[in-house]
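None of these values were measured; they are calculated from a predicted model. Letters go in sequence order (proteins before strands), and every chain restarts at 1.
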Number of protein chains: 2
Amino acid sequence: MSSIKEIAKYIGISPASVSIYLNNKDTNRVSRETKIRIDQAVKDFNYHKNFFAKSLSTHESNLIGILIPTILPLFENDYTNALLAGIQTRLSYFGYGILFFPSSAQSSIEIVKEQLEKSAGCDGYLLFSTGFCTMNQIRKNIEEVKQTKRPFVTLNIPRVDEDVNQVLLEDLDVVSGVRYLLKNGHRNILLLLGRSKGEHSRYLKDDFKQLMEQYPAGYDDHKVLYGEYSAEKSYSVIRTALEKYPETTGICCMSDIMAASSMQAIRDSGKSVPSDISVIGRNNSIHSKLTYPLLSTIDLHMREAGLSAANLLLDTLAGNTVTQKILMSGSLVERDSVRMIV
Amino acid sequence: MSSIKEIAKYIGISPASVSIYLNNKDTNRVSRETKIRIDQAVKDFNYHKNFFAKSLSTHESNLIGILIPTILPLFENDYTNALLAGIQTRLSYFGYGILFFPSSAQSSIEIVKEQLEKSAGCDGYLLFSTGFCTMNQIRKNIEEVKQTKRPFVTLNIPRVDEDVNQVLLEDLDVVSGVRYLLKNGHRNILLLLGRSKGEHSRYLKDDFKQLMEQYPAGYDDHKVLYGEYSAEKSYSVIRTALEKYPETTGICCMSDIMAASSMQAIRDSGKSVPSDISVIGRNNSIHSKLTYPLLSTIDLHMREAGLSAANLLLDTLAGNTVTQKILMSGSLVERDSVRMIV
DNA sequence: ATAAATAAGTTAAACGGTTAACAACCAACT
DNA sequence: AGTTGGTTGTTAACCGTTTAACTTATTTAT
């Protein structure tokens with residue numbers, strides 16, 4: 001492995017000169033002839049700068065660490081992928097690499113701790129949370145990241161105290177789909193959440209309860225179902241629920257995949273969408289464009305949220321010191337899976 | 001930022017002792033009492049080891065670089081995501097981090113060069129190719145990675161010379177779906193590829209041609225269509241093709257998304273799947289489980305390919321010097337979208 | 001009683017770059 | 001003649017950790 005010293009020795013100058021030129025081709029501290037000789041030597045030796053030495057010396061790495069407290073495989077979740085796509089697009093454009101660090105730990109807190117331990121040295125961090133995290137764990141994770149003294153932005157995490165940069169998804173903890181169904185005259189509504197544990201679920205359930213209690217039909221705890229974000233589980237849960245609650249006219253699902261599965265379950269129960277039962281999804285992912293009928297859904301703008309988070313982090317890295325909370329509101333995408341009850 | 005020196009100074013011992021202990025808690029070169037004091041100091045100072053200094057010193061980083069010659073956003077492609085999910089699962093388990101490095105370059109060769117330039121220092125690499133790459137570019141990229149003298153494994157790349165570790169997807173350049181349709185008696189077949197450029201497309205088209213020429217209906221260049229892996233494009237392409245070729249009884253699509261879109265197009269053309277037209281997809285992705293009727297598809301086992309690639313790389317890192325070509329063959333997943341013509 | 005082994009450290013060089021401070025030379029200006 | 005300024009460099013310290021080689025004191029074995 002060739003080093004700057006070899007190059008320098010080879011052409012008979014000091015390593016400093018080589019370094020200075022390589023970091024600024026326009027420098028006037030190296031003559032034109034010397035520049036040419038350096039270029040040639042770099043080619044001859046197939047020289048590549050040592051990333052670690054450079055980072056050690058300059059205290060910057062052009063690397064952003066992604067902290068995701070999950071033991072599930074990455075890249076298998078629609079929401080996270082959309083977020084990551086946005087993040088990668090922006091960071092790449094500005095020359096930053098993305099680092100995913102592993103953890104063998106089991107709890108959310110331990111995972112972030114371990115990820116940080118191993119990735120110490122990133123210029124900044126993007127802290128995620130998942131459906132598994134409790135607010136307490138989230139808070140601890142934030143403290144942990146704060147300790148690094150590096151800029152970071154949270155994503156997918158409820159609002160916390162003032163001096164943390166956050167991208168907030170307004171519709172994340174709110175059952176906007178249920179509001180839409182209500183507006184369309186539905187009163188017998190099933191809510192299909194992902195996981196039963198975690199902070200998000202609690203918020204969603206509370207919101208649903210508050211909404212339903214305003215109507216005579218009222219709130220029924222048993223009408224909150226859990227599909228684990230999986231197609232199979234959602235299908236079976238909805239099939240049995242439809243038998244138990246034949247009066248159902250609307251289903252609000254917290255993901256498009258669960259919504260698409262619900263539509264299958266409805267069809268296999270001998271009913272049809274939307275004439276018998278209306279369905280609304282969430283995410284406006286590709287799935288919502290491939291169902292029949294086309295799925296109405298809530299677009300959370302995950303990709304844009306990723307872009308914003310990257311922007312905010314980049315700004316902070318560039319010296320902006322104002323803490324920001326970026327609020328992304330969701331928007332309804334009306335397609336063919338919900339009908340108005342008159 | 002606290003360093004090993006501060007810690008050492010604080011408790012009045014040499015940095016070496018701290019380092020020795022921190023790297024091996026069971027060492028007998030540090031007394032029990034000193035160990036306790038180090039632990040305490042680490043906590044008090046909230047000390048984290050400097051990743052770069054360590055890597056510089058030990059010449060290893062526990063980082064694997066992902067080289068993807070594409071300017072498209074990552075994490076938006078079913079195939080790549082499945083591959084990455086497999087890779088991440090395995091690498092995380094063995095304590096390796098994953099590094100995605102950016103590039104602003106436009107050509108496939110420049111991208112890999114730039115990615116390598118910036119990520120120099122990874123313990124190993126995973127080299128991908130995309131539909132855009134020509135064989136020539138692929139070969140150059142391989143040469144570029146070879147120069148790093150680091151172990152690497154190619155994925156999604158046709159077989160090249162002997163001393164390159166590769167995971168080969170047997171069904172990647174072959175239209176297995178067409179074979180299945182032929183076996184089921186179909187003779188008027190549309191082939192829906194992704195992109196029109198690139199090595200993969202050429203192979204696929206050749207295979208299709210060879211297959212069709214064995215039958216009286218023969219091969220028709222116009223029946224090879226391009227859906228750009230997008231739902232919208234696939235839909236429109238298939239709609240117009242169905243008008244032009246009403247005799248069509250089977251469509252073979254190179255992705256499940258394009259197949260699901262094709263099913264929409266078929267329905268909107270007033271025909272139905274599979275009674276009028278049979279459809280087969282590829283990837284056995286979640287999409288194939290959410291269509292109606294359920295989509296028959298070719299499972300390429302991308303996730304497993306990712307696992308294998310990671311395994312192979314890890315083996316090589318551990319000292320295994322035997323070059324390997326791992327062959328993954330696809331398998332047919334029969335569901336409800338193809339019918340037998342008698 | 002003495003040699004060998006063990007425990008508990010220390011020293012100093014090395015990893016490969018970066019950069020502030022210094023220097024030598026020459027030309028130009030006043 | 002002396003000052004200023006531009007070119008084209010060099011020197012040496014520093015970034016934070018690791019590790020081979022050395023030291024000293026204390027046990028243990030013969």
Rounded off to whole Å, could you give me the [atom1]-to-[atom2] distance for the [X] and [N] pair?
X	N	atom1	atom2	answer
B:Lys5	D:dT18	NZ	P	13 Å
A:Tyr21	D:dT10	OH	P	16 Å
A:Asn28	D:dG5	CG	P	15 Å
B:Asn24	D:dA20	CG	C1'	16 Å
B:Tyr47	D:dG16	OH	P	10 Å
A:Phe52	C:dG17	CZ	P	12 Å
A:Phe51	D:dG16	CZ	P	16 Å
B:Lys9	C:dT11	NZ	C1'	18 Å

Report yes or no: does A:Gln88 contribute a side-chain atom to a donor-acceptor pair with the main-chain N or O of B:Leu74 at less than 3.5 Å?
yes

For the backbone of B:Glu304 and the side chain of B:Ser308, can you confirm whether one donor and one acceptor N or O come within less than 3.5 Å of each other?
yes

I'd like to know if A:Arg303 and B:Glu76 make a salt bridge, using a cut-off of under 4.0 Å between side-chain N and carboxylate O.
yes

Flag side-chain contact, heavy atom, 4.5 Å: [X] against [Y]:
X	Y	value
A:Leu127	A:Val153	no
B:Asp39	B:Lys25	yes
A:Leu155	A:Leu83	yes

For the helix from C:dA1-D:dT30 to C:dT30-D:dA1, how many degrees between its two end axes (five pairs per end), to the nearest 10°?
40°

Side chain of B:Ser19 - closest among C:dA8, D:dT11, D:dT18
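Nearest to the side-chain atoms of B:Ser19, counting from C-beta on, is D:dT18.
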
To the side chain of A:Thr58, which of D:dT17, C:dT10, C:dT18 is closest?
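In terms of side-chain proximity for A:Thr58, the closest of D:dT17, C:dT10, C:dT18 is C:dT18.
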
Kindly say if [X] contacts the phosphate of [N], meaning a side-chain N or O under 4.0 Å from OP1 or OP2.
X	N	answer
A:Asn23	C:dT18	yes
B:Ser55	D:dT17	no
B:Lys49	D:dT18	yes
A:Ser3	C:dG16	no

base_contact_polar (C:dT6 base, B:Arg29 side chain, donor-acceptor, <3.5 Å):
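Answer no: no donor N or O sits under 3.5 Å from an acceptor.
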
Looking at D:dT17, does its base get a donor-acceptor pair with the side chain of B:Ser57 below 3.5 Å?
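Result: at least one qualifying N/O pair found.
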
Using the side-chain contact (heavy atoms from CB on, under 4.5 Å) rule, pick out the option among A:Phe51, A:Tyr96, A:Tyr125 that qualifies with A:Leu63.
A:Phe51

Scan [X] against the nucleic acid and name what it touches under 4.0 Å (heavy atoms): base, sugar-phosphate only, or nothing.
X	result
A:Ile4	sugar-phosphate
B:Leu22	nothing
B:Ser14	base

Starting from the 5' end of DNA chain C, give me the residue, B:Arg32 or A:Ser17, whose nearest nucleotide shows up first.
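Final value for this comparison: B:Arg32.
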
Angle class for the A:Tyr10/A:Phe45 ring planes (parallel below 30°, perpendicular above 60°, tilted otherwise)?
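Because their plane-to-plane angle is over 60°, the rings of A:Tyr10 and A:Phe45 count as perpendicular.
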
